[in-house]
Amino acid sequence: MAQILLHGTLHVTVYEVDKLHPGEGGGSGIFTKLMENIEETVGFGKGTPKIYASIDLEKARVGRTRMIENEPNNPKWYESFHIYCGHMASNVIFTVKDNNPIGATLIGRAYVPVHQLLDGEEVDRWVELLDEDKNPVEAGSKIHVRLHYFDVTQDRNWARGIRSSKFPGVPYTFFSQRHDCKVSLYQDAHIPDKFIPKIPLSGGKYYEPHRCWEDIFDAITKARHLIYITGWSVYTEIALIRDSRRQKPGGDITLGELLKKKANEGVAVLMLVWDDRTSVDLLKKDGLMATHDEETANFFEGTDVHCVLCPRNPDDGGSMIQDLQISTMFTHHQKIVIVDSEMPSGESRQRRIMSFVGGLDLCDGRYDSPFHSLFRTLDTAHHDDFHQPNFTGADITKGGPREPWHDIHSRLEGPIAWDVLFNFEQRWKKQGGKDVLLNLRELDSIIIPPSPVMFPDDQETWNVQLFRSIDGGAAFGFPETPEEAAQAGLVSGKDNIIDRSIQDAYIHAIRRARHFIYIENQYFLGSSFGWNSDDIKVESIGALHLIPKELSLKIVSKIEAGERFTVYVVVPMWPEGIPESASVQAILDWQRRTIEMMYKDIVQVLQSKGIEEDPRNYLTFFCLGNREVKRSGEYEPSEQPEPDSDYLKAQESRRFMIYVHTKMMIVDDEYIIIGSANINQRSMDGARDSEIAMGAYQPHHLAARHSARGQIHGFRMALWYEHLGMLDDAFLRPEGTECVEKVNNIADKYWDMYSSDSLERDLPGHLLRYPIGIASDGDVTELPGFEFFPDTQARILGAKSDYLPPILTT
């Protein structure tokens, strides 16, 4: 049967299976087999069947019910699923299985043809369960299901942006949208004075940058009652203030000493730091950065700071294999700081809650400015913070290049800050141990309850919504039943309750988009159900999140409608670590497959419309790098890297990648997502890495009638100035051919300068073409002359790993 594109939302209810063993006298049915399975499971004794159903669109798993234990013959689930889809499929497949401690036993599969859903009518029926050979199962079992498909074009927000301040936010989520908030956007940990040129905004204003680590230092310093921190890594030895032109009183103190000082003053200082259980030996031997988790815990031992090392515990109910995977392979990845802060007037003794959310961990290697110097800060800001995990044995004593760090963060004030606080409280109650959270009800005369910080008619007000990837293993108080989970905006799985709203937020924002999307992310891989399957078994990859496919389907829809639309994506050259290592090469291979899937979609529609145009005018990928000529008076190392090493080659050629650690998407200059979540399955799954993100817009600066010119526009232009070293009027319309061709041409030129054998002057900007070619059929190829990244033997297109499990690298 031909496969049909399902792009939209599928509402599915799985009710029950009528019978799992035949009528009187037939003793050899499924039920008997189930009992035999259980009795044969050595070492586990006799158990009971645990029956569950899963929903697949061809080879993509899109939903699964809870397990029913006490109904081996007539399991009843009555569970509903809200499924975002962008899949080619001929059938919606319902698979019924029995779970046991080692794996699962197939009972049967039911098939509902996709073409029966396309007219938008509800399908409610009993469907026969078939065996592996598509014959009815022995018991004659049927499953009762209901399906209702809504094509994306029926969505009233499809390609219409945010039309007014009445936009309700992303539906079916745990946290609802908050109004009358204030948001500050940060590029990099620090911005020197006068770096950003004049960027005009509407209302005669100009964009003013904020300084992340300065603001976090001030927030911690001024806190009176609480400082709550979560991190993938928190390092006590770093200093937050390092700009000699912008010194602050007490700014030379380390983060660890500052937190101890605040705790001694009576402030409740609570920290949840990821406990790197095994440091995943497979990855760690390839040189990934240590998180200092043990050092941090030891530093605060015996002090008034409550620092808890927090493993990524699985939700209850998984198989032993799953539990082992979760606790050793996945991380706590949220990066948040929550404090009480003074009221804007500063006169009242009352306080309010303020939160910071984004991609920056408070640890070594993160402090940087838009200059992203490789060598010139080695005797100042980075002398005691030399970070270079991509070379074996790299050290300040052997000299640069250091690895520069580009990141994005945000500060949230108003009702939204309390949602971040609630997330922390849920996590602390689950894994924090001691009951030392402040009871804010008792402090309500001092810390004011959630309330607006902006007037609705203030031009600078924000509407903000909080999103997460997290499950009941990491957050206290998640509901027990699928019905309650659905009401709370959570997703029910076979054995856990999941908040997967970050992925939902990306899908909604992409579907709403009208003109352009600008993405910066540390990873870019997913939608594996759409990858070429010639040399892999796609169903075993499991990188099922929809984001890359939604992006290519958006571009396709715009080309079909004769409208301009451009997607810009900035990623690192390679994921941090030894670039030749198996793990880095495997991730680059997944990235190539993802990009290729997208370009094939675009090339196909261009050819069908008879349009001869470079697909990079619609979808274009970049990385960041720097190259510096040697100056007199530079830091001189006392030792040298190993002869013929990548380290020495990079030092001699005076170049290195700028590490893109950001997790951000801007849509039409009116909506922005910032958080800790990467565009990979680990971050978007909900049951893997724990993540947090915010989605925000300014209701007085929407792109409904004319281009949005609020803070988000100013922020994007400031980022483009940082990356390109210039601004141009063409950048005001990123969807336009003039803009995308100009940006591509500049990035091509910068790549040529970065990769050339000679170096005449500093690189004038950092935005480099991602060094791949696109063939006429959409295949991703090597750029002529570039099989390897400069100064390495690391293949740009990556290499499939035969021993690393995909769950680790996707």
Test: K663 and D407 ion pair at under 4.0 Å
no
Q: For N680 and S683, indicate whether the former's side chain and the latter's backbone hold a donor-acceptor pair under 3.5 Å.
A: yes
Closest heavy-atom pair, I796 versus P771, reported as atoms and distance to 0.1 Å, is CG2-O, 3.4 Å
- [ ] Answer yes or no on whether R109 is positioned over the face of F94, meaning its NZ or CZ is under 6.0 Å from the six-membered ring centre and within 45° of the axis.
- [x] no
* Asked: So, do D56 and V92 sit near enough that their side-chain heavy atoms are less than 4.5 Å apart?
  -> no
Nearest heavy-atom approach of I602 to P615 is CG2-CB, 4.1 Å
Practice task
Without swapping roles, check the side chain of S533 against the backbone of V538 for a donor-acceptor pair under 3.5 Å.
Solution key: no
Next on the checklist: Any side-chain to backbone donor/acceptor pair from K335 onto V357? Under 3.5 Å, distance only.
Outcome noted: no
- Task: Give a yes-or-no answer on whether the side chains of H7 and E550 include a donor-acceptor pair shorter than 3.5 Å.
- Result: yes
**Asked** Within a reach of under 6.0 Å around CD of E782, are more than 12 heavy atoms found that belong to other residues, nucleotides or ligands?
**Response** yes
Full working for side chain to side chain donor-acceptor pair (under 3.5 Å) between D364 and H292
CA-CA 10 Å; D364 47 339; H292 306 291; 2.9 Å; yes
Item to check | Any donor-acceptor pair under 3.5 Å from S90 side chain to Q3 backbone | outcome: no
ask   = side chain to side chain donor-acceptor pair (under 3.5 Å) between Q503 and S469: does it pass, once the steps are laid out?
value = CA-CA 8 Å; Q503 186 182 159; S469 293; over 6 Å; no
From the list Y770, F622, F621, ring-ring contact (aromatic ring centres under 6.0 Å, His included) partner of F524 resolves to F621
Go through L309 and T296 one step at a time and tell me if the side-chain contact (heavy atoms from CB on, under 4.5 Å) criterion holds. CA-CA 9 Å; L309 292 189; T296 299; 5.6 Å; no
Quiz item: Between Q522 and Y659, does a side chain to side chain donor-acceptor pair (under 3.5 Å) hold up when you go through it step by step?
Solution: CA-CA 8 Å; Q522 183 186 0; Y659 197 56; 2.9 Å; yes
Pairwise side-chain contact, C310 with W274, heavy-atom cut-off 4.5 Å (strictly under):
no
> Taking the side chain as C-beta and beyond, is there a heavy-atom pair between I510 and I517 under 4.5 Å?
Replying inline: yes
Is the number of heavy atoms from other residues, nucleotides or ligands under 6.0 Å of K59 NZ greater than 12?
no
When L768, V571, T662, V660 are each screened for side chain to side chain contact (heavy atoms under 4.5 Å, CB included) with L624, the one that passes is V660
Quick check on E58: does its CD atom have over 12 non-hydrogen neighbours (other residues, nucleotides or ligands) under 6.0 Å away? yes
Between S756 and R627, is any pair of side-chain heavy atoms under 4.5 Å apart? yes
### Query
Salt-bridged, R592 to D589, with N to O below 4.0 Å?
yes
Quick one, T620 with N744, criterion side chain to side chain donor-acceptor pair (under 3.5 Å). Give me CA distance, side-chain angles, the key distance, then yes/no.
CA-CA 8 Å; T620 178; N744 279 338; 2.6 Å; yes
| Ring center gap for Y506 and H545 short of 6.0 angstrom | no
Give the ring-plane orientation class for F656 versus W574, where under 30° counts as parallel, over 60° as perpendicular and anything between as tilted. perpendicular
Verify side-chain contact (heavy atoms from CB on, under 4.5 Å) between N678 and H333, making sure each step is shown before the conclusion.
CA-CA 10 Å; N678 296 313; H333 206 236; 3.8 Å; yes
Exercise for the section: Indicate yes or no: does R655 engage D791 in a salt bridge with an N to O separation below 4.0 Å. Expected result: yes
Value for CZ (R66) from CG (N496), rounded to nearest 0.5 Å, stands at 13.5 Å
Looking at W751 versus F786, is the centre-to-centre ring distance below 6.0 Å?
yes
Between D535 and R593, does any NZ, NE, NH1 or NH2 come within less than 4.0 Å of an OD or OE carboxylate oxygen? yes
Self-check item: salt_bridge(R500, D471) N-O dist < 4.0 Å
Solution: no
I'd like to check T331 versus R682 (side-chain heavy atoms, cut-off strictly below 4.5 Å). Are they in contact? yes
**Report entry** Side-chain donor-acceptor pair present, T809, W590, cut-off under 3.5 Å
**Finding:** yes
How are the rings of H406 and H723 set relative to one another: parallel (under 30°), tilted (30 to 60°) or perpendicular (over 60°)? perpendicular
Validation row: I4, L6 side chains within 4.5 angstrom (heavy atoms): no
Side chain of Y647, backbone of G399: donor and acceptor closer than 3.5 Å? yes
Is it true that a side-chain atom of K398 and a backbone atom of E642 form a donor plus acceptor pair closer than 3.5 Å?
no
- Hey, what's the ring geometry for H387 with W405, parallel, tilted or perpendicular (30° and 60° as the breaks)? perpendicular
Query raised in the report: For I93, does its backbone N or O pair with a side-chain atom of N91 as donor and acceptor, under 3.5 Å?
Result: no
Problem set entry | Check: E596/N532 side-chain N/O donor and acceptor closer than 3.5 Å | no
After noting the C-alpha distance and the side-chain angles of F529 and L57, does the key distance pass the side-chain contact (heavy atoms from CB on, under 4.5 Å) rule?
-> CA-CA 9 Å; F529 53 83; L57 293 173; over 6 Å; no
(Q) Assess, by modelled atom type and distance only, whether the side chains of H332 and Q431 contain a donor and an acceptor separated by less than 3.5 Å. (A) yes
| Using a distance-only test with no angle check, is there a side-chain donor-acceptor pair under 3.5 angstrom linking S501 and D499? | yes
>> Run the side-chain contact (heavy atoms from CB on, under 4.5 Å) test on Y84 and D504 for me, step by step, so that the C-alpha distance in whole Å, both residues' side-chain angles and the decisive distance to 0.1 Å come before the verdict.
In response: CA-CA 8 Å; Y84 297 110; D504 294 357; 3.4 Å; yes
Review point. Hey, does the side chain of W531 reach the backbone of G526 with a donor-acceptor pair shorter than 3.5 angstrom?
Key: yes
Checklist line | Heavy-atom side-chain contact between F788 and E580 under 4.5 Å | finding: no
request  = Taking only Lys NZ, Arg NE, NH1 and NH2, and the carboxylate oxygens of Asp or Glu, determine whether R468 and E691 approach each other closer than 4.0 Å.
outcome  = no
Is the backbone of A53 close enough, under 3.5 Å, to the side chain of T65 for a donor and an acceptor to pair up by distance? yes
Sub-4.5 Å side-chain heavy-atom contact between P401 and F391: yes
Q | Residues R402, D368: salt bridge by 4.0 Å N-O rule | A | yes
How about CD on Q640, more than 12 heavy atoms from neighbouring residues, nucleotides or ligands closer than 6.0 Å, or not? no
Margin query: Using a 3.5 Å distance criterion without hydrogens, assess whether the side chain of R769 forms a donor-acceptor pair with backbone atoms of I772.
Written below: yes
- Item | Trace of the salt bridge (Lys or Arg N to Asp or Glu O under 4.0 Å) decision for D601 with K549 | CA-CA 9 Å; D601 286 349; K549 195 64 174 176; 2.9 Å; yes
R61 with E539: basic N within carboxylate O range, under 4.0 Å
no
message: Does this structure show an ion pair linking D748 with R616, if we count only N-O contacts that are shorter than 4.0 Å?
response: yes
Heavy-atom closest pair (A582 atom, Y803 atom, distance to 0.1 Å) is CB-OH, 3.3 Å
